[in-house]
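Here's the structure we're looking at; comments come further down.
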There are 2 protein chains.
Amino acid sequence: MRTEISPVEVEQRVEHFKEAVRRAGVKLTHQRLEIFREVAGSVDHPSADSLFEALKTRLPMLSLDTVYRTLWLLHDLGLVSTLGPRRESVRFDANPLPHHHYICVRCGLARDFESSELNMLHIPALVSDFGSIDATHVEVHGVCKRCLAEPEAETKTRH
Amino acid sequence: MRTEISPVEVEQRVEHFKEAVRRAGVKLTHQRLEIFREVAGSVDHPSADSLFEALKTRLPMLSLDTVYRTLWLLHDLGLVSTLGPRRESVRFDANPLPHHHYICVRCGLARDFESSELNMLHIPALVSDFGSIDATHVEVHGVCKRCLAEPEAETKTRH
DNA sequence: CTGACTGCAAACCCTTTGCAGACCG
DNA sequence: CGGTCTGCAAAGGGTTTGCAGTCAG
């Protein structure tokens with residue numbers, strides 16, 4: 001339920017990031033460092049654009065596409081994840097019953113599953129500090145069978 | 001864990017749709033009917049475009065923007081929901097600890113919360129039929145305090 | 001020094017919108 | 001018939017990419 005991240009913790013994460021960068025053999029640029037510091041210090045799951053805006057003062061020469069490239073790099077390094085299934089297009093759900101989702105992180109496949117047990121989760125009371133609670137569901141992420149079978153499956157490079 | 005929807009059930013949903021359309025006082029066009037039939041009969045949470053492709057044979061004159069308009073209409077009627085936070089931009093998450101999300105369905109605000117109890121959910125065994133299970137988290141949807149406070153909050157019209 | 005990285009601008013999607021004609025009620 | 005709805009085409013907004021100059025290692 002934290003609403004901010006302590007500077008100390010941000011710097012710990014930054015160290016972890018530096019190590020990961022070194023291990024991956026990619027360059028540690030000023031931009032990458034500051035962009036990482038910014039995501040790591042934010043608690044609101046920012047978009048590329050809002051990070052860009054926040055960084056403008058510190059890095060006046062920064063360009064938005066560098067923010068994108070860096071975020072996907074961080075993603076490939078396993079340092080950040082994305083919110084929601086994907087980045088592609090909106091997807092629609094016409095299932096009127098309470099249900100949960102299985103999402104393939106590789107191809108975006110989505111499937112429903114039911115579980116009366118999961119329909120009655122106990123949500124921490126503090127969550128209602130954020131606002132009303134209208135619906136709750138479980139999201140399971142994995143790699144679907146089809147993607148697991150694909151030979152070039154491990155090619156994590158994109159962008 | 002169903003992998004398809006029976007024609008009978010689709011038609012039941014179609015009836016429900018017709019009623020909702022009548023109640024809302026909007027017109028029941030051929031396109032709307034077929035588009036609804038298509039989402040209601042699909043289990044893979046299609047995008048507007050894949051619905052469009054699937055409908056092309058039945059409705060050669062259909063245009064993609066009608067699919068979009070209809071889907072958002074269905075959304076406003078409460079007949080379909082969307083997968084994931086929203087449609088705008090990708091959002092990034094740099095929280096390395098296991099955590100869960102609170103999402104405001106109105107403005108997209110996202111916040112983390114922790115719960116050791118929710119970190120150990122029991123996922124139905126059948127889910128692994130879909131593929132590997134790499135991560136599991138709970139998503140709570142609601143309306144955040146700020147949005148609740150806004151006067152023009154009930155204006156559901158968009159698009 | 002040299003290849004990886006950045007900034008810029010243009011290209012790319014996916015999605016929305018303005019408008020004139022079509023059709024439901 | 002009238003107003004809503006559709007199809008078309010063009011605009012919009014977020015994201016990606018090609019290129020030449022720049023900088024980390």
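Computed from heavy atoms alone, side chains included, the values below leave out hydrogens, waters and symmetry copies. Quick note on labels: first sequence line is chain A, next is B, and so on, each numbered from 1.
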#### Entry: d(CZ, B:Arg22; C1', C:dC24) in whole Å
13 Å
### Query
Should the ring pair A:His100 and A:Phe113 be called parallel, tilted or perpendicular, given that the plane angle runs from 0 to 90° and is split at 30 and 60?
tilted
### Integer-rounded Å distance: C:dG25 P and B:Leu33 CG
11 Å
### Nucleic acid footprint by protein, nucleotides 4-14 of chain C - heavy-atom cut-off 4.0 Å, B for base, S for sugar-phosphate alone
SSBBBB----S
### Side-chain donor-acceptor pair present, A:Asp49, A:Ser47, cut-off under 3.5 Å
no
### Query
Which of parallel (below 30°), tilted (30 to 60°) and perpendicular (above 60°) describes B:His45 and A:His101?
perpendicular
### Task
Would you kindly give the NZ-to-C1' distance between B:Lys56 and D:dG7, to the nearest whole Å?
14 Å
### Message
Just the rounded figure in Å: distance from P of D:dT22 to NE2 of A:His30.
### Response
18 Å
### Query
Do the side chain of B:Arg91 and the main chain of B:Gly108 share a donor and acceptor less than 3.5 angstrom apart?
yes
### Query
Looking just at side-chain N and O atoms, do A:Asp93 and A:His99 make a donor-acceptor pair shorter than 3.5 Å?
yes
### Query
Do the ring planes of B:Phe17 and B:Phe36 sit parallel (below 30°), tilted (30 to 60°) or perpendicular (above 60°)?
parallel
### Task
Measure the distance from CZ on B:Phe52 to C1' on D:dG7 and round it to the nearest whole Å.
10 Å
